[in-house]
Amino acid sequence: DDFLQRPDLMCCGRTVVGMAAPRGQQTDFNYFNKTDPRVRAFFEDVQKEMLDAGSAMSVFHNEVAPSQYELSPIFKLTNIAMDENTMCMEILEETAARHGLYCLMHEKPFANVNGSGKHNNWGLNTDVGDNLFVPGKTKEAQERFISMVAVLARCLNVHGDLVRTGAACSGNDHRLGADEAPPAIISLYTGEKMEAHLRAVMDGGELSGYGEDTTVIATGNNEVAPITANLEDRNRTAPFPFCGNRFEFRAVGSTQNIGFPMAVLNTAYAESMGVLSDKIEGGTAVRDAVSEMLSENFNVIFNGDGYSSEWPVEAEKRGLINLNNSYEAIARLNSEKNKDLFVAQKVFTSDEVDA
């Protein structure tokens, strides 16, 4: 009923007129509070409908903004996950209507409170089930992991404009770079311990050696055992942070079909993997090829606060592009560099990119 009284919400999916919420965001209260009973009943129905359709949901919970919630369909192969993600959006809307609710998926539905996005947890696996983004315990697995990180650094450094274009939509212009979403500057967050290891590799050290340790979080309570955690914290201000066994593309908009952002990312990564492969097959030692790739693209690694006013200044010094609106991002889609990429990887023809 409240929604139907708001023509701005009905027409635009976001508030255009009206006062700001008198109590604001009340971050801790919303994020850590119990889920509203009506919303819990709604999500339980969504969970059942998703499961009936063959897609399991791993979690649903409150988010920071009032009436904002997060759900996570469990990971699958990319093309299947894309279809199920779209199906999930339809199920959310249909189930909400049955519960007398309306599901707003605009990236910034309300002014002065946090907006919404999709966090694409992106992994890379071999055809025999090896996860290439797990550091591993063996020397071979650790060498392979650091090699894959070097490929990702080049991917985001050389094709950061294209990865940003994958997350370009009008709603995201209200959100990217604000105080709740990663900036429009594409950078790679490795964490401080991994950064130190990568620097050691560039200084001549071995690829292996990272991934053997874990971090222990003390609870401060004698009745609760210490908790073992990943080596690196997940930086929520970064568009591409490391999450222990995957990287997370946090910049995608909440209304977006994830097909295009993921196609762009996978294409750019495949091309960079080919560059490393060519170096090695051309006779360069694996360690030296990885070290060289890291040295050429280390400027894209940033482990600081992506929300800070200093970061755009620093990013410009590093040569990283800041495409802070969708018009500028989309205008770069059919540059010669990007057309060459899509054509070489046999994803799009030059004319298809222009179209």
Side-chain angles (χ1 to χ4, degrees), residues 122-126 128-160 163 185-217 228-235 237-249 265 268-306 311 314-315 317-320:
W122 177 71
L124 195 65
N125 297 271
T126 68
V128 293
D130 292 332
N131 186 337
L132 300 181
F133 288 148
V134 171
K137 296 181 178 179
T138 67
K139 183 174 184 287
E140 181 186 28
Q142 291 170 4
E143 290 176 344
R144 185 174 62 186
F145 170 75
I146 294 300
S147 301
M148 295 301 101
V149 173
V151 170
L152 182 57
R154 184 191 181 279
C155 164
L156 298 181
N157 187 40
V158 174
H159 299 297
V163 174
I185 305 162
I186 298 298
S187 64
L188 176 62
Y189 175 87
T190 61
E192 294 178 358
K193 294 182 179 65
M194 195 196 305
E195 180 184 358
H197 182 77
L198 297 176
R199 289 185 182 277
V201 169
M202 292 189 295
D203 289 338
E206 294 297 315
L207 297 181
S208 60
Y210 176 84
E212 298 172 339
D213 302 323
T214 55
T215 299
V216 176
I217 301 173
T228 302
N230 292 329
L231 270 175
E232 311 290 355
D233 183 30
R234 180 177 54 159
N235 186 333
T237 75
F240 232 100
F242 178 55
C243 300
N245 62 357
R246 65 196 184 281
F247 285 84
E248 185 181 27
F249 186 17
L265 175 59
Y269 191 85
E271 187 263 354
S272 289
M273 187 176 278
V275 170
L276 182 63
S277 177
D278 288 345
K279 284 178 182 288
I280 295 167
E281 291 175 6
T284 305
V286 174
R287 199 220 70 84
D288 294 343
V290 171
S291 175
E292 185 179 316
M293 183 168 279
L294 283 170
S295 299
E296 292 170 353
N297 299 284
F298 206 79
N299 57 310
V300 81
I301 295 175
F302 176 67
N303 290 317
D305 181 2
W311 171 228
E314 170 65 19
K317 291 178 182 176
R318 296 183 182 204
L320 302 179

The complete set of salt bridge (Lys or Arg N to Asp or Glu O under 4.0 Å) pairs with one or both residues in residues 138-147, sequence neighbours excluded, reads Asp130-Arg144, Lys139-Glu143
Show me the pairs that pass salt bridge (Lys or Arg N to Asp or Glu O under 4.0 Å) and involve residues 193-205, at least two apart or across chains.
Glu195-Arg199
Does [X] reach the main-chain N or O of [Y] with its side chain, forming a donor-acceptor pair under 3.5 Å?
X: His159; Y: Leu265; value: no
X: Asn245; Y: Asn131; value: no
X: Asn303; Y: Gly191; value: yes
X: Gln142; Y: Gly136; value: yes

What residues form a ring pair (Phe, Tyr, Trp, His ring centres under 6.0 Å) with Phe249, not counting sequence neighbours?
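By the ring pair (Phe, Tyr, Trp, His ring centres under 6.0 Å) rule, Phe249 matches Phe240.
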Measure the spacing between CG of Leu132 and CZ of Phe145 and express it to the nearest 0.5 Å.
10.5 Å
Quick one: pull up CD1 in Ile185 and CZ in Arg318 and give me the separation to the nearest 0.5 Å.
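Between atom CD1 of Ile185 and atom CZ of Arg318 there are 10.5 Å.
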Nearest heavy-atom pair of [X] and [Y]: which atoms, and what distance?
X: Gly304; Y: Thr237; answer: O-OG1, 3.7 Å
X: Ala150; Y: Val290; answer: CB-CG1, 3.8 Å
X: Leu156; Y: Leu188; answer: CD1-CB, 3.9 Å
X: Met194; Y: Phe242; answer: CE-CD2, 3.4 Å

Quick one: are [X] and [Y] in side-chain contact, heavy atoms under 4.5 Å?
X: Leu320; Y: Ile186; result: no
X: Val149; Y: His197; result: no
X: Trp122; Y: Leu152; result: yes
X: Val158; Y: Ser272; result: no

Pairing residues for Arg154 by the salt bridge (Lys or Arg N to Asp or Glu O under 4.0 Å) criterion, not counting sequence neighbours:
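Arg154: salt bridge (Lys or Arg N to Asp or Glu O under 4.0 Å) contacts with Glu271.
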So if I apply the ring pair (Phe, Tyr, Trp, His ring centres under 6.0 Å) rule between Phe247 and each of Phe133, Tyr269, Tyr189, which one comes out positive?
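Exactly one candidate clears the test, Phe133.
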side-chain hydrogen bond (donor to acceptor under 3.5 Å, both in side chains) partners for Ser208, two or more places apart
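Once residues adjacent in sequence are excluded, Ser208 has no partner under the side-chain hydrogen bond (donor to acceptor under 3.5 Å, both in side chains) criterion.
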Counting only pairs under 3.5 Å, give me each side-chain donor-acceptor contact of residues 291-298, with atom names and distances, residues two or more places apart or in other chains.
from, atom 1, to, atom 2, distance (Å)
Ser291, OG, Val201, O, 3.4
Glu292, OE2, Lys279, NZ, 2.5
Ser295, OG, Ser291, O, 2.9
Asn297, OD1, Asn157, ND2, 2.8
Asn297, ND2, Met293, O, 2.8

